[in-house]
Peer 1: 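Okay, here's the structure, questions in a sec.
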2 protein chains.
Amino acid sequence: MSRLGASIRDVARETGLSTATISRVVNGGTRVSEETRKRVLDACARLDYLPNPAARALSTRRSKVVAAIIPTIEHSVFAKFIAAIERTLGLRGYSLVLAISNSDEAEELAAARKLLGMGADAFILSGQTHSGALLNMLAKRQVPYAHTSVWDPDSTCPTVGYDNAGLAKEAVKHLHSHGHRNVAIVHGPLVESDRTQARCDGARSLHGLFDTLDFFETPLSVAGGKACVGRTLADGGGYSAYLCFSDVLALGAYFACADAGKRIPQDVSVMGFDNLDWAAEVVPPLTTIDLPAFGMGEAVGAQIVECLETNAPLQSQLLPARIIQRGSVARLT
Amino acid sequence: MSRLGASIRDVARETGLSTATISRVVNGGTRVSEETRKRVLDACARLDYLPNPAARALSTRRSKVVAAIIPTIEHSVFAKFIAAIERTLGLRGYSLVLAISNSDEAEELAAARKLLGMGADAFILSGQTHSGALLNMLAKRQVPYAHTSVWDPDSTCPTVGYDNAGLAKEAVKHLHSHGHRNVAIVHGPLVESDRTQARCDGARSLHGLFDTLDFFETPLSVAGGKACVGRTLADGGGYSAYLCFSDVLALGAYFACADAGKRIPQDVSVMGFDNLDWAAEVVPPLTTIDLPAFGMGEAVGAQIVECLETNAPLQSQLLPARIIQRGSVARLT
DNA sequence: TGTTCAAATGTAACCGGTTACACAGCGCAC
DNA sequence: GTGCGCTGTGTAACCGGTTACATTTGAACA
């Protein structure tokens with residue numbers, strides 16, 4: 001850490017002023033004459049002075065670092081989310097420290113401990129279920145935190161995200177309105193994600209609309225989706241539509257269909273969830289639900305900074321998400 | 001930052017020892033009797049004591065934070081790389097702060113400034129070309145840094161990655177050995193990436209082997225690859241193979257072929273670069289070059305920590321990468 | 001001219017750790 | 001018994017900022 005950088009006393013010496021004055025101009029600069037301000041800024045530039053962050057953090061008791069713990073970064077929804085957080089925080093002079101929990105509560109707790117011990121001022125968590133120890137630790141130290149990718153107006157903790165159950169219902173209704181009565185739902189591991197669980201719950205609540213509504217759990221990857229859909233195709237499951245709770249799984253479904261010689265949407269329909277970048281490019285273009293990953297990152301980031309600067313309480317926030325109709329769902333007549 | 005947490009003096013008071021002793025047991029614990037160690041650890045647990053990181057950083061002049069600046073996180077090669085760094089650093093008690101430069105030198109410089117002003121002990125940069133101001137800033141403060149995704153034994157700065165030019169040559173040779181003489185190379189924006197530039201240079205050096213070896217620049221996305229390949233297909237370019245300098249572009253090529261009614265590999269061959277997770281799942285499976293994204297993250301992470309702890313100099317390191325033959329390249333006879 | 005007040009700047013305590021150095025106590029060799 | 005060395009612990013300076021409070025200066029005003 002700037003072992004060789006100039007310190008505030010160097011600047012003070014250089015300008016013949018006191019460290020207090022230097023500090024004042026470096027921050028906001030209240031109560032400093034225009035002339036000294038210039039002189040100080042000039043000296044700072046000449047000495048290439050950068051305030052020592054540790055010293056500043058020690059004094060002010062804030063590090064301007066916010067921590068995000070996410071289950072994985074390899075899913076592009078999370079990548080976009082992180083990119084948005086980084087950008088939003090950066091614009092406001094905050095930094096992002098990242099930890100990856102691999103969807104494991106113990107790892108998440110360990111990560112939080114490390115990040116707290118690193119000086120994070122606030123936390124951004126994924127999903128709604130976390131170990132009590134984690135929440136306790138944050139509460140005891142009064143570190144603000146938000147849950148993301150979920151929206152739950154009843155939660156005691158602020159949640160910023162979307163209504164997973166509601167969106168799943170809409171997706172299911174969409175298929176129903178297109179005449180589908182035999183639908184397979186393909187989703188990632190339930191234990192790893194309360195959001196997946198919420199989507200399944202939402203979908204299941206509408207099972208009365210269908211002749212069959214089956215649920216299949218598979219690893220959350222293209223390979224997982226392909227294997228799962230390939231299996232049901234081979235079994236002759238007879239589903240007219242596959243609703244995948246991630247575009248990644250949907251892409252796997254596409255390849256499974258290609259392997260099985262089934263055409264989309266003529267032979268089977270496929271619907272996704274996420275609206276990843278390539279969803280409009282696949283052949284046929286994928287009907288999916290547009291999740292505001294980037295907007296969600298911006299929203300939490302902005303709220304967290306606001307909270308840190310003004311002590312405004314974090315508030316739950318519902319982000320808009322909607323079905324994007326493209327060409328992968330057939331209308332059965 | 002733990003506004004309410006116990007301080008080292010609280011623990012000292014609780015145990016009736018001095019802060020020096022507490023500090024000694026909390027760190028490594030040299031020269032402390034087994035009995036006091038127990039007493040201290042016990043008190044720490046009871047008070048839920050976490051050392052204040054700012055105070056520690058101020059004293060030791062190290063923050064145990066390493067910064068990574070990457071062009072984008074939305075490309076899964078980078079996501080994997082970041083995941084590996086995070087994991088490797090985390091295992092050793094270090095944290096990762098992330099900044100995204102959007103492939104822009106000015107943004108990169110600003111990010112580095114911010115991260116330095118945040119107390120990063122070391123930097124991980126992408127690629128080899130960076131603004132002089134950035135490198136100066138790091139050098140002046142003696143902050144160690146490494147370039148990644150490249151390997152250049154002649155560079156004065158340590159590079160850990162792979163030989164982009166060499167790998168491109170191998171890819172081109174692979175196509176040549178399969179009888180392809182009319183090849184199109186599809187790559188992302190040159191200005192954004194010296195690695196892309198190196199790959200192009202490598203490929204171009206072998207142009208004598210071909211009847212035609214054309215280069216096409218397109219946005220680095222599925223849409224970009226699809227549009228680019230779609231265009232040449234419509235133009236009747238007559239290429240027997242497309243070498244895409246990213247699997248993402250190759251996926252676009254797949255969709256362009258689907259749209260144009262061309263079969264892979266019967267009508268055109270496609271080769272990728274990256275070996276992303278889904279490369280084995282697409283139909284037909286994609287022949288590509290396996291880049292050790294995860295291994296690269298582990299390697300830099302480990303080296304950086306080693307350097308920080310023992311002052312060992314960072315060393316350039318070549319990571320193995322090789323062609324994975326699958327089904328997307330036809331052998332022309 | 002003396003008083004009042006605001007603006008500009010300085011002084012020094014403080015944030016919470018680390019660590020060089022001092023020192024006490026003890027065992028051991030001579 | 002003296003001296004030496006080793007172990008375990010305490011003392012206090014220090015890291016580099018911030019900021020409450022003190023001080024100086026000068027203008028305004030009676």
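Fair warning: this is a prediction, and the values are worked out from it, not measured in the lab.
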Peer 1: From the list C:dG17, D:dG16, D:dT19, which nucleotide is the closest neighbour of the side chain of B:A55?
Peer 2: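 Nearest to the side chain of B:A55 among the choices is C:dG17.
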Peer 1: Examine C:dG16: is either OP1 or OP2 under 4.0 Å from a nitrogen or oxygen in the side chain of A:R61? Give yes or no.
Peer 2: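 Yes, A:R61 has a side-chain N/O under 4.0 Å of OP1/OP2 on C:dG16.
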Peer 1: Decide yes or no, distance alone: a donor-acceptor N/O pair under 3.5 angstrom between the base of C:dG16 and the side-chain of B:R56.
Peer 2: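 Result: no qualifying N/O pair found.
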Peer 1: Using salt bridge (Lys or Arg N to Asp or Glu O under 4.0 Å) as the criterion, list what pairs up with A:K80, not counting sequence neighbours.
Peer 2: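 Once residues adjacent in sequence are excluded, the partners of A:K80 under the salt bridge (Lys or Arg N to Asp or Glu O under 4.0 Å) criterion are A:D277, B:E74.
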Peer 1: Report yes if a donor N or O on one partner sits less than 3.5 Å from an acceptor N or O on the other, where the partners are the side chain of B:S7 and the base of C:dG16; otherwise report no.
Peer 2: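 No, the side chain and the base share no sub-3.5 Å donor-acceptor pair.
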Peer 1: Could you state the CG-C1' distance from A:N27 to D:dT19, rounded to the nearest angstrom?
Peer 2: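 Answer to the nearest Å: 11 Å.
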Peer 1: How close or far is atom C1' of D:dG8 from atom CD of B:E34, stated in whole angstroms?
Peer 2: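 It is 13 Å, rounded to the nearest whole Å.
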Peer 1: Heavy atoms within less than 4.0 Å of DNA chain D: which residues of residues 12-21 of chain B have one? Give them sorted by number.
Peer 2: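 Under 4.0 Å from DNA chain D: B:G16, B:L17, B:S18, B:T19, B:A20, B:T21.
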Peer 1: Quickly work out the A:I8 CD1 to C:dT11 P distance and round it to whole Å.
Peer 2: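 Value for this atom pair: 14 Å.
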Peer 1: If you check the A:R24 side chain, which of C:dG16, C:dG10, D:dT19 turns out closest?
Peer 2: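 Between C:dG16, C:dG10, D:dT19, the one nearest the side chain of A:R24 would be C:dG10.
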Peer 1: Between A:S23 and D:dT18, does any side-chain N or O lie under 4.0 Å from OP1 or OP2?
Peer 2: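 For A:S23, the contact criterion (side-chain N or O under 4.0 Å from OP1 or OP2 of D:dT18) is met.
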Peer 1: I need the CZ-P distance between B:R62 and D:dC15, as an integer number of Å.
Peer 2: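 In whole Å, D:dC15 P and B:R62 CZ are 17 Å from each other.
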Peer 1: Starting from P on D:dT18, measure out to NZ on A:K64 and report it in whole angstrom.
Peer 2: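 Roughly 11 Å, once rounded to whole Å.
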Peer 1: Can B:S316 and B:T159 be said to form a side-chain hydrogen bond (donor to acceptor under 3.5 Å, both in side chains), step by step?
Peer 2: CA-CA 5 Å; B:S316 283; B:T159 53; 3.1 Å; yes
Peer 1: Check whether the side chains of B:R56 and B:N27 place a donor and an acceptor atom closer than 3.5 Å, and report yes or no.
Peer 2: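 Their side chains do contain a donor-acceptor pair, which is all the 3.5 Å distance test asks for.
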Peer 1: On DNA chain C, check which nucleotide each of A:R39 and A:R9 is closest to and give me the residue with the more 5' one.
Peer 2: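 Its nearest nucleotide lies further toward 5', so the answer is A:R39.
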Peer 1: What's the CD1-P distance between A:I22 and C:dT11, to the nearest Å?
Peer 2: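 In whole Å, C:dT11 P lies 13 Å from A:I22 CD1.
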Peer 1: A:R37 CZ to C:dT9 C1': how many Å, rounded?
Peer 2: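 One finds 14 Å between C1' of C:dT9 and CZ of A:R37, rounded.
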Peer 1: About how many Å separate CD of A:E105 and CD of A:E192, when rounded to the nearest 0.5 Å?
Peer 2: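 CD of A:E105 is found 12.5 Å from CD of A:E192.
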Peer 1: CG of B:L47 versus P of C:dG16: gap in Å, rounded?
Peer 2: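 So the CG-P distance, B:L47 to C:dG16, works out to 14 Å.
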Peer 1: Say you draw a straight line from OG of A:S126 to CD1 of A:I69; how long is it, rounded to the nearest 0.5 Å?
Peer 2: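 Result: 9.0 Å between the selected atoms.
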Peer 1: Reckon A:N52 has a side-chain N or O less than 4.0 Å from the OP1 or OP2 of D:dC15?
Peer 2: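 False: A:N52 side-chain N/O out of range (4.0 Å or more) of D:dC15 OP1/OP2.
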Peer 1: Would you say a side-chain N or O of A:S33 is under 4.0 Å from OP1 or OP2 of C:dA7?
Peer 2: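 So the side-chain polar atoms of A:S33 never come under 4.0 Å of the phosphate oxygens OP1 or OP2 of C:dA7.
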Peer 1: Please find the pair of heavy atoms, one from A:L134 and one from A:A112, that lie closest to each other, and give the distance.
Peer 2: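 Closest approach of A:L134 to A:A112, heavy atoms only: CD1-CB, 3.2 Å.
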Peer 1: Would you give me the side-chain donor-acceptor pairs under 3.5 Å for residues 308-315 of chain A, sequence neighbours excluded?
Peer 2:
{"residue": "A:E309", "atom": "OE2", "partner": "A:Y94", "partner atom": "OH", "Å": "2.7"}
{"residue": "A:T310", "atom": "OG1", "partner": "A:E306", "partner atom": "O", "Å": "2.8"}
{"residue": "A:T310", "atom": "OG1", "partner": "A:A312", "partner atom": "N", "Å": "3.2"}

